[in-house]
Protein chains: 2
Amino acid sequence: MNKAEILIIDDEPQIRKLLEINLESNNYKVWQAENAKEGILMAANHPPELILLDLGLPDKSGHEVLKELRTWYNKSIIILSVINNEKDIVQALDNGATDYLTKPFRNAELLARIRSAIRRNQTDNTESKKVCGDLEIDFVSRTVKRNQEILKLTATEYNLLLLFAKNEGRVLTHQYILKEIWGIGAQLETQYLRVFVGTLRKKIEQNQNQPLHIITESGVGYRFE
Amino acid sequence: MNKAEILIIDDEPQIRKLLEINLESNNYKVWQAENAKEGILMAANHPPELILLDLGLPDKSGHEVLKELRTWYNKSIIILSVINNEKDIVQALDNGATDYLTKPFRNAELLARIRSAIRRNQTDNTESKKVCGDLEIDFVSRTVKRNQEILKLTATEYNLLLLFAKNEGRVLTHQYILKEIWGIGAQLETQYLRVFVGTLRKKIEQNQNQPLHIITESGVGYRFE
DNA sequence: TTAAGATTTAAGATAGATTAAAGGACAAAT
DNA sequence: ATTTGTCCTTTAATCTATCTTAAATCTTAA
């Protein structure tokens, strides 16, 4: 499982550093922005699992940032603020904040609220899946459908298909595929790969003699479309 | 649109009255329970949109009530408590509390947090029973029927079936199932799982040799349909 | 055209899955 | 306190699916 990514938008370097240390030691990947403009840009380019937003930013009110984010960003946003003012808390929550903590905050509590917020994300989210023509690969449920029918793939076949699907359009060398699927010791066992490409094609291709999904790049490897 | 229903579980009459007045004037329908037993019963009979749960109940610890509710209730639960103790807050949030407010709380803030919690609810659906083909699982009464006949399942069998039912269509790895049912120390005891899948199949499958509900994903785990 | 590369098939080996059954822990009933 | 019965754990035998390997056949690129 990958690390959950958290974006901190706060202008105080000490706070950012404190959060960075605590979050990274709890296995989160941390991104940082020191003003509203930068924060919105970063969130847009690379949407994180959760945003920690300070209300007191230099270039724009945090409430405005929150509203702007909420026009398109629907994961968790937790407000951090020195303002312990009822009106601000109410306004932030009504504008779609997931939670509100006043500084100084207790670290364990922040972590618990982050876990709670991320947990909630995961159930709300629509499942991530990939559709390639007649194929539909569901990464969460670990199932593959072709024309709505569930395909019966072995563990190795599924792993191979997953690798292909995550590198759609890219030529993968035999060596690379062998290393990823069978481990670093198997990079010369090209034969394994050929057999498994065979069985996979039998299951996912309409016409085995003219494969549309797994394309052979002779002398190099395979490409998935 | 109907009024959203809120269940208050708190033993202090003054607090209940205060909440009742405030919530009803904000267009919520309010239900009240003065102890854990009554609260759980009311929640089961008539699942509300949100539960306000006091941690200091006379008959049972609020943490236990929370855990019990969370086995089947997946809408919002906001904790109200006089305890402003970091450990309790963390524990409650990790047990699935949506939010945590310490008494005395500010009324407008509570209302904002309630709005926020209810807003988040609307995407995920609560259901107290699940029908899968000839199977009918009732999460509240913890009973399972097949073709209208009540099946006699042991505690472990029921827990396993519950886990499967809540992850319908998804492949669950052996490790994950073992962790969920037998706890974090049992992740290598694949054999337990196999035995229990065997006994479960005997009870829920029409034809044991061609299981329709619990599908084996060899080398990976099981999938429930 | 020819050598290297790719596919296909099938059989043996291995890891994984099912099933039955016995012993132990525990709770309910006597 | 003893018995009874249920459920859980553990072991072992058997069965099955999957992986590996080799060999025959086909395709591609120089």
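Keep in mind that this is a model prediction, so the values were computed, not measured.
If you check every strand for non-hydrogen atoms under 4.0 Å, A/T156 touches sugar and phosphate atoms only. Residue B/V197 is classed as having no contact, given no heavy-atom separation below 4.0 Å to the nucleic acid.
In this structure, A/T216 reaches the C/dT7 phosphate: one of its side-chain N or O atoms is under 4.0 Å from OP1 or OP2. Contact between the side-chain N/O atoms of A/T154 and the OP1/OP2 oxygens of D/dC19 is found at a separation under 4.0 Å. A sub-4.0 Å separation between OP1 or OP2 of D/dT21 and a side-chain N or O of A/Y192 is present. Of the side-chain N and O atoms in A/R194, none sit less than 4.0 angstrom from OP1 or OP2 of C/dT8. Phosphate contact (OP1/OP2 of C/dT18, side-chain N/O of B/Y222, threshold under 4.0 Å): present. An OP1 or OP2 oxygen of D/dC19 is reached within less than 4.0 angstrom by no side-chain nitrogen or oxygen of A/W182. The shortest distance between the side-chain N/O atoms of B/K202 and the OP1/OP2 oxygens of C/dT19 is not below 4.0 Å.
In this structure, D/dA30 forms a base pair with C/dT1, meeting either the Watson-Crick or the G-U wobble geometry with both donor-acceptor distances under 3.5 Å.
You'll find the ring centres of B/H174 and B/Y222 inside the 6.0 Å limit.
Rounded to a whole Å, the CD atom of B/Q175 is 15 Å from the C1' atom of C/dG16. In this structure, B/H174 places its NE2 atom 12 Å from C1' of C/dT18, rounding to the nearest Å. Here the C1' atom of nucleotide D/dC19 and the CG atom of A/N159 are 13 Å apart, to the nearest Å. For the pair A/F196 CZ and C/dT9 P, the computed distance is 16 Å after rounding to whole Å. Nucleotide D/dC8 holds its P atom 11 Å from the CG atom of B/L200, rounded to whole Å. B/L151 places its CG atom 13 Å from the P atom of D/dC7, with the value rounded to the nearest Å. Distance NZ (A/K203) to P (C/dT8): 14 Å, rounded to an integer number of Å. Going from atom CG of A/L193 over to atom C1' of D/dT21 covers 15 Å, rounded to whole Å.
Cation-pi check for A/K166 over A/F139 is met; the charged atom lies under 6.0 angstrom from the ring centroid and within 45 degrees of its normal. Within the cation-pi definition used here (under 6.0 Å to the ring centroid, within 45° of the axis), A/K152 does not qualify as a partner of A/Y158. At least one test fails for B/K179 against the ring of B/W182: distance under 6.0 Å to the centre or angle within 45° of the axis.
In this model, a side-chain donor or acceptor of B/Q191 finds a partner on the base of C/dT19 within 3.5 Å.
Residues B/K152 and A/E157 both approach DNA chain D. Their nearest nucleotides, taken by heavy-atom distance, put B/K152 toward the 5′ side. Residue-to-nucleotide proximity on DNA chain C shows that, of A/S218 and A/T199, the 5′-proximal contact is made by A/S218. When each of B/A155 and B/G219 is assigned the nucleotide of DNA chain D with its nearest heavy atom, B/A155 is the one assigned upstream, toward the 5' end.
Note on B/K129 versus B/E136: salt bridge recorded, some NZ/NE/NH1/NH2 to OD/OE distance being below 4.0 Å.
Ranking C/dT9, D/dC19, C/dT7 by closeness to the A/R201 side chain, first place goes to C/dT7.
When only modelled atom types and interatomic distance are considered, B/T199 and B/E157 share a side-chain donor-acceptor pair under 3.5 Å.
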